[in-house]
K.L.:
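Here you go, one structure.
Proteins get letters first, then strands, A, B, ... in listed order; numbering begins at 1 in each. Worth knowing before you read on, the calculation uses all heavy atoms, side chains too, and leaves out hydrogens, waters and symmetry mates.
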Amino acid sequence: MFEVEVTEQHGWTVVVPVGDLDLSSAPALRRHLIAAVAGTDGRVVVDLAGVHLVDSQGLGTLVGGLKRARTHGGDLRLASPPAGVMALLQLTGLDRAFVVTADVAAAVAHPVGSPGDGGDD
Amino acid sequence: MTDATQEAGHRTHTVDLAIPASHEYLDLARMVVTTTAALDPMFPDARVSDLRLAVSEACTNAIEAHRRLQRREPVHIRCALSDDRIEVTITDHGGGFSPDERTELPDAADPARLEHERGLGVELIRAVADEAEFRRVDGGTVVRLVVHSRDR
């Protein structure tokens with residue numbers, strides 16, 4: 001079963017998907033990310049703690065959200081990826097495209113547009 | 001040198017699954033394959049994760065290919081767990097696809113790459129599986145992937 005919880009923290013929308021990010025969950029996740037970007041000027045954190053598998057469809061959805069967030073002057077950050085998900089981000093080089101943090105608190109503390117957000121190279 | 005190399009005395013568990021070509025069955029396909037791998041208690045968790053990702057990508061490509069052509073046939077998945085490996089074969093009727101016919105893709109680190117999800121899926125399969133073979137057959141594709149459970 002795929003579920004998404006949405007909260008707000010320090011002006012950021014925190015999207016917490018639970019389940020697998022794949023072809024089957026992509027439409028629901030995409031809807032949540034679009035709503036999140038609209039809600040907090042593009043400041044979105046996706047908390048990956050409850051995600052076991054991210055495949056290319058899931059990555060595509062996250063990257064779509066990232067582009068949309070940056071277009072709105074914000075950022076989409078990934079927090080608390082499990083080891084397997086982190087390995088995939090590194091394998092695809094996407095750990096350099098996203099700000100990836102150990103937890104949500106670190107994600108919302110990191111200023112938008114600062115070095116290391118991977119957005120300006 | 002792909003098949004028929006079973007040595008005498010080694011046991012192979014074979015599981016066949018046919019799923020409707022719909023995303024709702026993706027999780028079931030992954031579960032059946034990873035549960036088969038888990039029949040070997042020594043199959044390392046990290047390798048099961050690799051297997052899960054590779055199967056997800058291959059089945060997604062198959063389901064999407066059927067959807068594009070509006071094919072009603074099921075997608076067939078066969079897993080064979082043997083002494084030191086699992087071999088998974090995913091057969092679709094989605095018109096046939098050869099990864100070598102793809103056009104040039106953006107660099108792997110370029111987010112624009114994600115607009116070529118099928119291409120990325122194939123690369124991920126190749127990255128995480130120990131063997132990956134994409135064969136065009138009559139009206140479809142056969143993907144064969146192998147994940148080793150131990151060093152040989």
Side-chain angles (χ1 to χ4, degrees), chain A residues 1-3 17-30 33 46 48 51-71 75-78 81-100 117-121, chain B residues 19-31 33-34 44-68 75 94 99 102 105-129 145:
Chain A
M1 224 29 240
F2 180 73
E3 284 171 9
V18 178
D20 299 322
L21 306 191
D22 61 3
L23 179 67
S24 141
S25 60
L29 181 63
R30 188 172 297 119
L33 294 182
V46 180
L48 295 172
V51 170
H52 306 293
L53 172 131
V54 180
D55 70 9
S56 58
Q57 302 288 323
L59 288 176
T61 308
L62 292 173
V63 169
L66 174 71
K67 285 186 194 163
R68 180 175 281 266
R70 290 194 176 150
T71 306
D75 197 16
L76 184 148
R77 294 171 176 176
L78 305 178
V85 174
M86 190 62 207
L88 178 70
L89 292 172
Q90 287 165 343
L91 178 69
T92 52
L94 287 171
D95 58 327
R96 287 175 280 141
F98 288 96
V99 172
V100 184
D117 71 2
D120 40 30
D121 54 7
Chain B
I19 57 164
S22 161
H23 66 85
E24 293 144 295
Y25 295 90
L26 199 47
D27 194 34
L28 178 68
R30 287 191 298 251
M31 271 167 50
V33 176
T34 54
D45 288 348
R47 301 304 347 253
V48 174
S49 299
D50 289 342
L51 176 67
R52 183 182 293 121
L53 177 62
V55 168
S56 195
E57 299 297 349
C59 290
T60 296
N61 285 348
I63 289 167
E64 290 284 82
H66 278 223
R67 189 183 54 78
R68 274 191 296 271
V75 171
R102 284 177 298 133
L105 292 175
D107 182 74
D110 183 345
R113 171 65 161 277
L114 274 303
E115 278 151 28
H116 304 268
E117 277 149 2
R118 182 161 189 162
L120 179 64
V122 169
E123 296 233 0
L124 289 180
I125 292 170
R126 288 192 164 131
V128 299
L145 34 108

K.L.:
Could you state the interatomic distance from CZ (B:Arg30) to NE2 (A:His52), rounded to the nearest 0.5 Å?
P.N.:
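Those atoms lie 10.5 Å apart.
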K.L.:
I'd like to verify something: which residue of A:Leu88, A:Val54, A:Asp22 has the highest number of heavy-atom pairs under 4.5 Å with chain B?
P.N.:
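The residue among A:Leu88, A:Val54, A:Asp22 with the greatest pair count is A:Asp22.
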K.L.:
Would you mind checking which part of B:Asp27 comes under 4.5 Å of any heavy atom in chain A, side chain (CB onward), backbone (N, CA, C, O), both or neither?
P.N.:
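Contact with chain A: side chain only.
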K.L.:
Using non-hydrogen atoms only, which part of A:Leu53 is less than 4.5 Å away from chain B: side chain, backbone, both, or neither?
P.N.:
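When you check distances to chain B, only side chain atoms of A:Leu53 fall under 4.5 Å.
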K.L.:
Would you say that B:Leu26 contacts A:Asp20 through its side chain, given a criterion of any heavy-atom pair below 4.5 Å between the two side chains?
P.N.:
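B:Leu26 does not reach A:Asp20 side chain to side chain.
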K.L.:
Examine whether an atom of A:Asp55 lies under 4.5 Å from a heavy atom of chain B, and if so say whether it belongs to the side chain, the backbone or both; otherwise answer neither.
P.N.:
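Backbone plus side chain of A:Asp55, per the 4.5 Å heavy-atom cut-off to chain B.
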K.L.:
So how far is it from B:Glu123 CD to A:Ser56 OG, rounded to the nearest 0.5 Å?
P.N.:
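Between atom CD of B:Glu123 and atom OG of A:Ser56 there are 11.0 Å.
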K.L.:
Please classify the contact between A:Leu62 and chain B as side chain, backbone, both or neither, with a heavy-atom cut-off of under 4.5 Å.
P.N.:
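Neither the backbone nor the side chain of A:Leu62 comes within 4.5 Å of chain B.
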K.L.:
For B:Leu53, is it the side chain, the backbone, both, or neither that has a heavy atom closer than 4.5 Å to a heavy atom of chain A?
P.N.:
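Contact with chain A involves both backbone and side-chain atoms of B:Leu53.
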